[in-house]
A.B. asks: 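Mind looking over this structure? Questions follow.
Numbered from 1 within each chain, the chains take letters A, B, ... in sequence-line order. Atoms considered below: every heavy atom in the structure, side chains included; atoms not considered: hydrogens, waters and symmetry mates.
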2 protein chains.
Amino acid sequence: MPQAMRAEAPAPLPAAIAAALEEDIVFGRLHPRERLIEEELAERFAASRHNVRAALAVLEGMGLIERIPHRGALVKAYSLAEVEQLCALRDLLETQAAQQMPLPLPEAELAVLRGLQAGHDAAVAAGDARAAFRANLAFHRGFFARCGNAFLAEAIERLAQRAHAIRFAAFPDPAALARSREEHHAMLAALASGDRAGLTRLCGNHLAPSRQAYLRAQSAFLSA
Amino acid sequence: MPQAMRAEAPAPLPAAIAAALEEDIVFGRLHPRERLIEEELAERFAASRHNVRAALAVLEGMGLIERIPHRGALVKAYSLAEVEQLCALRDLLETQAAQQMPLPLPEAELAVLRGLQAGHDAAVAAGDARAAFRANLAFHRGFFARCGNAFLAEAIERLAQRAHAIRFAAFPDPAALARSREEHHAMLAALASGDRAGLTRLCGNHLAPSRQAYLRAQSAFLSA
DNA sequence: GTCGACGGGATTGTCGACAATCCCGTCGGC
DNA sequence: GCCGACGGGATTGTCGACAATCCCGTCGAC
């Protein structure tokens with residue numbers, strides 16, 4: 001709960017508050033079932049309660065928190081069965097995206113993706129987990145946008161957001177970050193060479209770690 | 001624009017306003033690109049502008065309208081390419097849902113779906129397009145919920161909501177309503193007998209009419 | 001001793017009013 | 001005559017304050 005605000009901008013808009021809370025959830029500073037109280041957040045972010053409220057609405061739309069009327073907001077907790085379902089659907093959609101992506105990717109688009117990945121590399125090298133998280137999102141967004149179906153790309157992004165609530169288990173691990181980085185480079189190589197089979201396989205494997213980490217964390221929690 | 005409010009409840013909550021506007025879009029009373037002005041809506045629904053604003057946020061989340069900061073809200077217009085992409089993704093997800101649905105469906109669940117379809121039948125028989133629309137949504141929700149993956153069911157529902165903005169072209173047609181009704185019954189029969197191939201085929205065919213109707217309406221519009 | 005009514009405190013939800021922004025018709029200068 | 005600054009009007013965005021709701025500890029009755 002004690003957490004200095006990071007608002008350097010003159011006005012802490014709802015989007016900034018939502019992003020900060022999103023990171024708190026991803027990095028486990030807010031654990032599942034934890035309650036979010038509007039006035040506390042308003043004080044922490046030096047924002048009005050209206051903006052906090054709007055931010056909570058955003059997070060609810062992303063599936064990261066749950067709001068119960070007149071009762072407040074909680075960080076959403078996912079059961080094992082839900083994690084399995086979520087991963088299965090992500091696998092389906094990301095595989096589909098890989099299969100319909102035009103290959104090999106034009107050099108101009110490849111360059112954009114390489115630029116995004118350079119940002120990710122830098123963040124990982126610097127050990128900046130927060131920046132790595134954001135850069136990772138940006139790379140994935142750019143990558144799946146290339147599948148040619150905006151609705152598919154949006155659905156994939158939405159599911160990835162939902163998975164944030166379970167990803168906290170995997171993300172702080174530097175080895176996982178490095179592995180993610182390597183996989184991104186392998187994906188770029190497959191895009192460049194037009195290796196569709198490899199690309200599809202990479203996409204499937206890429207989301208396995210977070211699922212496994214969650215299951216591990218969950219079983220550790222249950223046995224504790 | 002002239003449209004009596006249908007609020008019989010003492011308080012017109014945001015959800016009710018959103019539902020009414022959703023229907024206006026589905027039935028073509030609000031056409032694509034039409035502007036939605038908060039104060040006008042507040043007067044029409046005898047609600048506060050706050051509630052109207054919340055309703056607009058809901059509709060934006062459903063992809064039915066577009067909001068531009070400081071500029072207001074418009075009914076969202078979809079291009080032909082977007083319609084194709086939307087339909088392709090719906091096809092993928094609904095086919096997947098049909099393929100993983102446990103068959104044959106237990107009698108208790110079948111009874112629930114039959115009850116929902118009875119409501120749809122009644123609305124179609126009565127020629128009540130509004131009720132038919134709602135009952136159709138309820139049947140689809142109940143149907144796809146049976147696929148065993150809540151995220152898949154939710155994604156399907158979200159895409160169906162988005163399709164509302166293009167469905168207006170098909171919905172007022174009584175023949176289409178009757179056909180939809182028949183297809184629902186065929187789906188129920190497939191669920192009962194465990195005919196997975198038939199079920200999958202039915203799901204695919206079931207969303208073809210709205211796409212075709214949209215393309216027809218679009219070409220008619222372009223040639224006008 | 002247990003159960004149900006009651007109230008204080010904390011928290012969320014809603015309202016009216018004001019401030020900020022944008023569009024567009026108008027005007028003055030070059 | 002055309003271009004850019006300017007203001008009026010319409011519309012959206014934000015604030016502070018108040019009302020509604022809920023949780024939970026307390027008390028009294030059976």
Side-chain angles (χ1 to χ4, degrees), chain A residues 1-3 5 7-22 24-25 30-77, chain B residues 1-3 5 7-22 24-25 30-77:
Chain A
M1 173 181 16
Q3 163 74 17
M5 57 185 164
E8 73 287 349
L13 347 190
I17 299 174
L21 290 174
E22 179 187 14
D24 284 350
I25 292 172
L30 289 172
H31 58 80
R33 295 274 175 214
E34 184 159 349
R35 218 178 139 188
L36 296 171
I37 287 151
E38 295 180 358
E39 208 143 2
E40 279 181 22
L41 298 174
E43 189 179 2
R44 167 177 157 195
F45 291 106
S48 74
R49 204 154 68 78
H50 294 275
N51 285 337
V52 170
R53 186 168 259 274
L56 292 180
V58 170
L59 293 173
E60 183 182 25
M62 299 198 311
L64 289 181
I65 69 172
E66 198 174 356
R67 290 178 94 184
I68 304 166
H70 297 283
R71 301 257 320 247
L74 328 179
V75 178
K76 186 150 183 182
Chain B
M1 174 178 16
Q3 164 75 17
M5 57 186 165
E8 73 287 347
L13 346 189
I17 300 173
L21 291 174
E22 178 188 15
D24 284 351
I25 293 171
L30 289 172
H31 58 81
R33 297 272 175 213
E34 184 160 348
R35 218 178 139 190
L36 297 171
I37 288 151
E38 296 179 358
E39 209 144 1
E40 280 182 20
L41 298 174
E43 188 179 3
R44 167 177 157 196
F45 291 107
S48 74
R49 202 156 66 79
H50 295 276
N51 285 335
V52 170
R53 185 168 261 274
L56 292 180
V58 170
L59 293 172
E60 183 182 25
M62 299 198 313
L64 289 180
I65 69 172
E66 198 173 356
R67 291 179 94 183
I68 304 165
H70 296 282
R71 300 256 322 247
L74 328 180
V75 178
K76 185 149 184 180

A.B. asks: CG of A:L64 to CG of A:L36: how many Å apart, nearest 0.5 Å?
C.D. replies: 10.5 Å
A.B. asks: Where does the chain A footprint on DNA chain C start and end, counting 5' to 3' with a 4.0 Å heavy-atom cut-off?
C.D. replies: C:dT11 to C:dC15
A.B. asks: How would you label the contact of B:L56 with the nucleic acid (heavy atoms, under 4.0 Å): base, sugar-phosphate, or nothing?
C.D. replies: nothing
A.B. asks: Can you tell me how far apart NE2 (A:H70) and CD1 (A:I68) are? Round to the nearest 0.5 Å.
C.D. replies: 12.0 Å
A.B. asks: Tell me the closest heavy-atom pair linking B:A73 and B:I65, and the distance in Å.
C.D. replies: CB-CD1, 3.9 Å
A.B. asks: Working to the nearest 0.5 angstrom, can you tell me the gap between B:L21 CG and B:M62 CE?
C.D. replies: 9.0 Å
A.B. asks: Find the partner of D:dA5: check Watson-Crick (N1-N3 plus N6-O4 or O6-N4) and G-U wobble (N1-O2, O6-N3) distances, both under 3.5 Å, and reply none if neither fits.
C.D. replies: C:dT26
A.B. asks: For A:R71 and for B:H50, find the nucleotide of DNA chain D with the closest heavy atom, then tell me which residue's nucleotide is more 5'.
C.D. replies: B:H50
A.B. asks: Taking all non-hydrogen atoms of both residues into account, name the closest pair between B:A18 and B:L59 and its distance.
C.D. replies: O-CD2, 3.6 Å
